[in-house]
Protein chains: 2
Amino acid sequence: MTARPTAHGSPQDEHVVVCALGSAPLTDAPLDEEDALALARVLAALADPVRLRLVSIVAAHGEVCSCDLEIPLARSQPTISHHTRVLAEAGVLVGEKRGRWTWWQVVPERLTELRRILGG
Amino acid sequence: MTARPTAHGSPQDEHVVVCALGSAPLTDAPLDEEDALALARVLAALADPVRLRLVSIVAAHGEVCSCDLEIPLARSQPTISHHTRVLAEAGVLVGEKRGRWTWWQVVPERLTELRRILGG
DNA sequence: TTTGGATATCGACGTCCGTCAATAGGAGAG
DNA sequence: CTCTCCTATTGACGGACGTCGATATCCAAA
């Protein structure tokens, strides 16, 4: 897997193509297919009630470990892991492994990009 | 269908529950399940490359009729009709029937709501 | 009224997604 | 090393979604 070692080994440094979302606001000019696909992928990651609540919980706490998400979201551990993975691949979350725990943070710049493309 | 007659008969005046999206920004406080579901529905409507390009085309022209969408989106007429319906039910588009044609416009307030909830 | 064109609905098909049980991988404690 | 706990992956199942052909509905022009 050609793991590139980092400070504490961020688990989604590899295999994650967080595309730049650099298109103009969609209210300004028609999106081409490539930009539309990239934007749709990020929106799809957020278009799930469990993932939205997950993001809001992480944002509210600043940093949250996976084990603290099972109870408030009422989902099994594999399902939580699935959702954090989807959000990380969309660039909305970043995770850092510390000891046995994985700590998740939101990426505010990603949400800023979204707000910009949504037509300001 | 108990059609309520309007000025020129807006086709999605009926059966469309455009919920208010009145929750606080998701970066401020955890979303409850109801708000998360409402937000997820709107995001899901936008989380499709064809619908994103559709919205951007309508926004760029200010007003567009369905028949002008088949060619640029390269989709069949039923598919276009399906997508406009989904976007209208999400409150992103409004349609007005004039003669034989349906003219679509974006609802800028809806995008503003989205930007607000996405954390500003 | 009849005809033609624009839009909406229906039914079907293939694919993708959310979910969980079972299992594997990893890291600290003893 | 072994044990235990936390996280990730796999495989499977049911439901939702995008798409199109066929059909229905609606409106205006002739």
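So that the names make sense, note that chain A is the first sequence line, chain B the second, and so on, each numbered from 1. Heavy-atom basis, side chains included; hydrogens, waters and symmetry copies ignored. Computed from a predicted structure; not experimentally measured.
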Visitor: Between A:L31 and A:A36, which heavy-atom pair has the shortest distance, and what is it?
Guide: CD2-CA, 3.8 Å

Visitor: Decide whether B:L37 and B:V42 are clustered together by the hydrophobic rule: side chain heavy atoms of Ile, Leu, Val, Met, Phe, Trp, Tyr closer than 4.5 Å, transitively.
Guide: no

Visitor: For residues 55-67 of chain B, which residue pairs qualify under salt bridge (Lys or Arg N to Asp or Glu O under 4.0 Å), counting only residues two or more places apart or in two chains?
Guide: B:E63-B:R98

Visitor: Atom CG of B:L93 and atom P of C:dT7: how far apart are they, to the nearest Å?
Guide: 14 Å

Visitor: What's the CH2-C1' distance between B:W101 and D:dC27, to the nearest Å?
Guide: 9 Å

Visitor: Under the 4.5 Å side-chain heavy-atom rule for ILVMFWY, direct or indirect, which residues accompany A:W101?
Guide: A:W103

Visitor: Rounded to whole angstrom units, what separation is found between the CH2 atom of B:W103 and the C1' atom of D:dC27?
Guide: 16 Å

Visitor: Distances for protein N/O vs nucleotides 1-4 of chain D N/O pairs under 3.5 angstrom?
Guide:
none

Visitor: Among the candidates D:dT19, D:dA8, C:dT9, find the nucleotide nearest to the side-chain atoms of B:S81.
Guide: C:dT9

Visitor: Other than B:V86, which residues form its hydrophobic cluster under the rule that side-chain heavy atoms must be closer than 4.5 Å?
Guide: none

Visitor: Of A:R75, A:R53, A:R51, which is the lone residue that meets side chain to side chain donor-acceptor pair (under 3.5 Å) with A:H83?
Guide: A:R51

Visitor: If you compare all heavy atoms of A:A45 against all heavy atoms of A:A90, which two are closest, and at what distance to 0.1 Å?
Guide: CB-CB, 3.4 Å

Visitor: Return the minimal non-hydrogen interatomic distance between A:Q77 and A:E70, and the atom names on each side.
Guide: CB-OE2, 3.3 Å

Visitor: I'd like to check B:P72 versus B:I57 (side-chain heavy atoms, cut-off strictly below 4.5 Å). Are they in contact?
Guide: yes

Visitor: Mind listing the residues from residues 36-49 of chain B sitting with a heavy atom below 4.0 Å of DNA chain D? Number order is fine.
Guide: B:D48

Visitor: When you check the phosphate oxygens OP1 and OP2 of C:dC17, does a side-chain N or O of A:H83 lie under 4.0 Å from one of them?
Guide: no

Visitor: Apply side chain to side chain contact (heavy atoms under 4.5 Å, CB included) to B:L114 and B:L46, showing your working.
Guide: CA-CA 11 Å; B:L114 273 183; B:L46 287 172; 3.4 Å; yes

Visitor: Distance check needed: C:dT9 C1' versus B:E89 CD, whole Å only.
Guide: 13 Å

Visitor: Take A:V50 and A:G99, find for each the nucleotide of DNA chain C with the closest heavy atom, and name the residue whose nucleotide sits nearer the 5' end.
Guide: A:V50

Visitor: Establish, with yes or no, whether the OP1 or OP2 oxygen of D:dG18 is under 4.0 angstrom from a side-chain nitrogen or oxygen of B:R51.
Guide: yes

Visitor: Mind checking the CG-CD spacing from A:L118 to B:E113? Nearest 0.5 Å is all I need.
Guide: 12.0 Å

Visitor: Would you mind telling me which of C:dG18, C:dT9, D:dT19 lies closest to the side-chain atoms of B:T79?
Guide: D:dT19

Visitor: Rounded to the nearest Å, what distance is computed from the CD1 atom of residue A:I80 to the P atom of nucleotide C:dT19?
Guide: 9 Å

Visitor: Quick one: is D:dC27 close enough that its OP1 or OP2 comes under 4.0 Å of any side-chain N or O from B:R98?
Guide: no

Visitor: Return the residues of residues 53-77 of chain B meeting this criterion: a heavy atom under 4.0 Å from some atom of DNA chain D. Order them by number, or give none.
Guide: B:R75, B:S76

Visitor: Measure the distance from CH2 on A:W104 to P on D:dT7 and round it to the nearest whole Å.
Guide: 10 Å

Visitor: OP1 or OP2 of C:dT7 less than 4.0 angstrom from a side-chain nitrogen or oxygen of B:R85, does that happen here?
Guide: no

Visitor: Heavy atoms under 4.0 Å, any strand shown: does A:H82 hit a base, just sugar-phosphate, or nothing?
Guide: base

Visitor: Would you name the heavy atoms of A:S66 and A:I80 that are closest together and state the gap between them?
Guide: O-CG2, 4.2 Å

